[in-house]
Novice: 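Let me give you the structure first, and then I'll get to my questions.
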Amino acid sequence: MFLGIDHLVIAVADPDAAAAGVQDVLGLAPGGGGRHDQLGTYNRLVWLGDSYLELIAVFDPALAATSWVGAPTLRALAGGTGGFATWAIASDGIDADRARLTATATDLATPIDGERRRPDGEVVRWRLAAAPTLGPSRPPFLIEHIADSAEWTAAERAARASGPARLSVLELAVDDVDGTSRAMLRTAGLRFRPSLAGGGARDADIGPQRLRLRPRRDPSSAVATIHLVVAGGRATDVDLLGCRWRIRPAPG
């Protein structure tokens with residue numbers, strides 16, 4: 001079953017500097033991170049409850065070019081500024097979800113194991129299923145976190161549950177809303193409806209969050225607009241890390 005939007009992958013030149021910028025501009029404290037030794041990438045995380053921002057960079061371009069997450073990261077960095085690279089849906093049963101999606105001719109590959117080693121030596125583990133090509137307007141990949149590995153124990157999840165920010169909407173500006181929505185349906189089973197935002201946008205619910213596709217009318221604008229609800233925050237729109245951020249205060 002899909003639990004929600006798991007994380008957003010944002011390509012950056014320096015994850016530490018990017019995490020500092022997120023804290024300075026958005027007021028969100030960064031968490032940990034580490035290296036994907038087999039993928040050629042490394043990262044810092046910003047937690048949004050059980051969702052998170054992955055600020056990812058490359059330490060080995062040749063290795064990254066052959067890896068599922070390194071390739072879209074390199075493409076996002078090719079313009080010199082980085083930005084939104086790809087994203088993931090959280091699953092609590094990735095084999096069952098992929099089997100269900102096979103009925104719609106999904107191009108998700110057979111799930112594979114993955115891991116990231118943190119600076120403290122602890123290892124984060126997961127399983128994921130991705131289509132052959134990932135990108136800002138391409139369908140997401142699926143990920144299932146291993147519950148007894150680092151960052152996903154009951155104690156660690158409880159500790160971040162009180163964090164101030166939550167992801168509410170991932171809004172993607174795409175050249176072809178019809179074509180993109182069909183690809184999202186085929187690969188990930190996402191069903192769209194006309195959005196109350198208007199302007200030709202369409203919405204799909206993913207757990208407690210929403211994916212919005214809208215026509216991209218300005219090629220120079222950010223592909224991704226990330227909507228966050230922040231306790232004690234103030235309403236603001238800001239550009240950062242090649243994305244547009246829409247911050248709204250939490251109700252009450």
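Heavy atoms only: backbone and side chains are in, while hydrogens, waters and symmetry mates are out. This chain uses plain numbering: 1 for the first residue, then up along the sequence.
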Novice: Quick one: do Trp87 and Leu134 satisfy side chain to side chain contact (heavy atoms under 4.5 Å, CB included)? Show the steps, please.
Specialist: CA-CA 9 Å; Trp87 60 288; Leu134 297 173; over 6 Å; no
Novice: Give a yes or no on whether a salt bridge exists between Asp175 and Arg216, defined as a side-chain N under 4.0 angstrom from a carboxylate O.
Specialist: no
Novice: Under 4.5 Å between side-chain heavy atoms, counting indirect links through other Ile/Leu/Val/Met/Phe/Trp/Tyr residues: same cluster for Leu8 and Leu240 or not?
Specialist: yes
Novice: Quick one: do Thr153 and Asp148 satisfy side chain to side chain contact (heavy atoms under 4.5 Å, CB included)? Show the steps, please.
Specialist: CA-CA 5 Å; Thr153 64; Asp148 60 353; 5.6 Å; no
Novice: So that I know where these two stand, are Phe141 and His7 an aromatic pair - ring centroids less than 6.0 Å apart?
Specialist: yes
Novice: Between CG of Leu28 and CG of Leu48, what distance do you get to the nearest 0.5 Å?
Specialist: 6.5 Å
Novice: Return yes if some donor-acceptor pair links the side-chain N/O of Asp6 with the main-chain N/O of Ala88 below 3.5 Å, else return no.
Specialist: no
Novice: Would you check if Pro194 and Asp203 make a side-chain contact, meaning some heavy-atom pair closer than 4.5 Å?
Specialist: no
Novice: Can Val69 be reached from Val58 by stepping across I, L, V, M, F, W or Y side chains whose heavy atoms are under 4.5 Å apart?
Specialist: no
Novice: Could you check whether Asp237 pairs with Arg248 (Lys NZ or Arg NE/NH1/NH2 to Asp/Glu carboxylate O, under 4.0 Å)?
Specialist: yes
Novice: Tell me if a side-chain donor or acceptor on Ser149 pairs with a main-chain N or O of Val124 at a distance below 3.5 Å.
Specialist: no
Novice: Let me check something: do Val25 and Leu53 share a hydrophobic cluster, defined by ILVMFWY side-chain heavy atoms less than 4.5 Å apart, either directly or through other members?
Specialist: yes
Novice: Any heavy-atom pair between the side chains of Phe84 and Leu170 that's under 4.5 Å?
Specialist: yes
Novice: Quick check for you: to the nearest 0.5 Å, what is the distance between Arg118 atom CZ and Asn43 atom CG?
Specialist: 11.5 Å
Novice: Would you give the length of the straight line joining atom CG of Asp60 to atom CZ of Arg35, rounded to the nearest 0.5 angstrom?
Specialist: 8.5 Å
Novice: Tell me whether Trp245 is reachable from Val9 by hopping between hydrophobic residues (I, L, V, M, F, W, Y) whose side-chain heavy atoms are closer than 4.5 Å.
Specialist: no
Novice: Report the residue from Pro219, Pro215, Ser221 that forms a side-chain contact (heavy atoms from CB on, under 4.5 Å) with Arg217.
Specialist: Pro215
Novice: Are Asp113 and Arg125 within salt-bridge range, i.e. N to O under 4.0 Å?
Specialist: no
Novice: If every non-hydrogen atom of Ala57 is compared with every non-hydrogen atom of Val12, which pair is closest and at what distance?
Specialist: CB-O, 3.2 Å
Novice: Measure the spacing between OG1 of Thr180 and CG of Leu185 and express it to the nearest 0.5 Å.
Specialist: 12.5 Å
Novice: Is any side-chain heavy atom of Leu45 closer than 4.5 Å to a side-chain heavy atom of Arg116?
Specialist: yes
Novice: Applying the 4.5 Å side-chain criterion to the ILVMFWY set and letting contacts propagate, would Ile206 and Ile94 be lumped into a single cluster?
Specialist: yes
Novice: Between CG of Asp37 and OH of Tyr42, what distance do you get to the nearest 0.5 Å?
Specialist: 13.0 Å
Novice: Should the ring pair Trp47 and Tyr52 be called parallel, tilted or perpendicular, given that the plane angle runs from 0 to 90° and is split at 30 and 60?
Specialist: tilted
Novice: Going through the checks in order, is the side chain to side chain contact (heavy atoms under 4.5 Å, CB included) test met by Leu190 and Leu211?
Specialist: CA-CA 9 Å; Leu190 300 180; Leu211 172 65; 3.9 Å; yes
Novice: Is the number of heavy atoms from other residues, nucleotides or ligands within 6.0 Å of CZ (Arg234) greater than 12?
Specialist: no
Novice: With no hydrogens and no angle check, do the side chains of Thr133 and Arg138 hold a donor and an acceptor under 3.5 Å apart?
Specialist: no
Novice: Quick check against the 3.5 Å criterion: does Ser168 have a side-chain atom that pairs as donor or acceptor with the backbone of Val229?
Specialist: no
Novice: Under 4.5 Å between any side-chain heavy atoms of Arg212 and Arg210, yes or no?
Specialist: yes
Novice: Are side-chain heavy atoms of Arg44 and Asp16 found at a separation under 4.5 Å?
Specialist: yes
Novice: Keeping the roles fixed (side chain from Gln209, backbone from Ile5), state whether a donor-acceptor pair exists under 3.5 Å.
Specialist: yes
Novice: Run His36 and Thr41 through side-chain hydrogen bond (donor to acceptor under 3.5 Å, both in side chains) and show every step you take.
Specialist: CA-CA 5 Å; His36 306 116; Thr41 56; 2.7 Å; yes
Novice: Does the pair Asp178/Arg202 count as a salt bridge with the N-to-O cut at 4.0 Å?
Specialist: yes
Novice: Nearest 0.5 Å, what's the CZ-CG distance between Phe2 and Asp97?
Specialist: 5.0 Å
Novice: Going by heavy atoms in the side chains, are Val177 and Phe192 under 4.5 Å from each other?
Specialist: no
Novice: Side-chain contact, heavy-atom cut-off 4.5 Å: Ile56 with Ile10?
Specialist: no
Novice: Do any N or O atoms from the side chain of Arg98 and from the backbone of Ala109 form a donor-acceptor pair under 3.5 angstrom?
Specialist: yes
Novice: Between Val46 and Pro30, which heavy-atom pair has the shortest distance, and what is it?
Specialist: CG2-CA, 4.1 Å
Novice: Please report the closest heavy-atom contact between Val223 and Pro136, naming both atoms and the distance.
Specialist: CG1-CB, 3.8 Å
Novice: Using a 6.0 Å cut-off, check whether atom CZ of Arg157 has over 12 heavy atoms from anything other than its own residue.
Specialist: no
Novice: Looking at Arg160 and Glu151, what are the two nearest heavy atoms and their distance?
Specialist: NH1-O, 2.7 Å
Novice: In plain terms, say whether Asp95 and Arg127 are close enough for a salt bridge, that is, a side-chain N and a carboxylate O under 4.0 Å apart.
Specialist: yes
Novice: If I compare all heavy atoms of Ala204 with all of Arg193, which pair ends up nearest, and what's the gap?
Specialist: CA-NH1, 4.3 Å
Novice: Would you please test Arg246 and Thr225 for side-chain hydrogen bond (donor to acceptor under 3.5 Å, both in side chains) and show each step?
Specialist: CA-CA 7 Å; Arg246 181 158 292 175; Thr225 299; over 6 Å; no
Novice: Would you check if Leu142 and Leu128 make a side-chain contact, meaning some heavy-atom pair closer than 4.5 Å?
Specialist: no
Novice: Report the C-alpha separation of Cys243 and Ile226 in whole Å, then their side-chain angles, then the decisive distance to 0.1 Å, and conclude whether the side chain to side chain contact (heavy atoms under 4.5 Å, CB included) test is met.
Specialist: CA-CA 7 Å; Cys243 301; Ile226 300 166; 4.1 Å; yes
Novice: How far apart are the closest heavy atoms of Gly34 and Pro119, and which atoms are they?
Specialist: CA-CD, 4.2 Å
Novice: Other residues, nucleotides and ligands only: do more than 12 of their heavy atoms fall within 6.0 Å of CD on Gln38?
Specialist: no
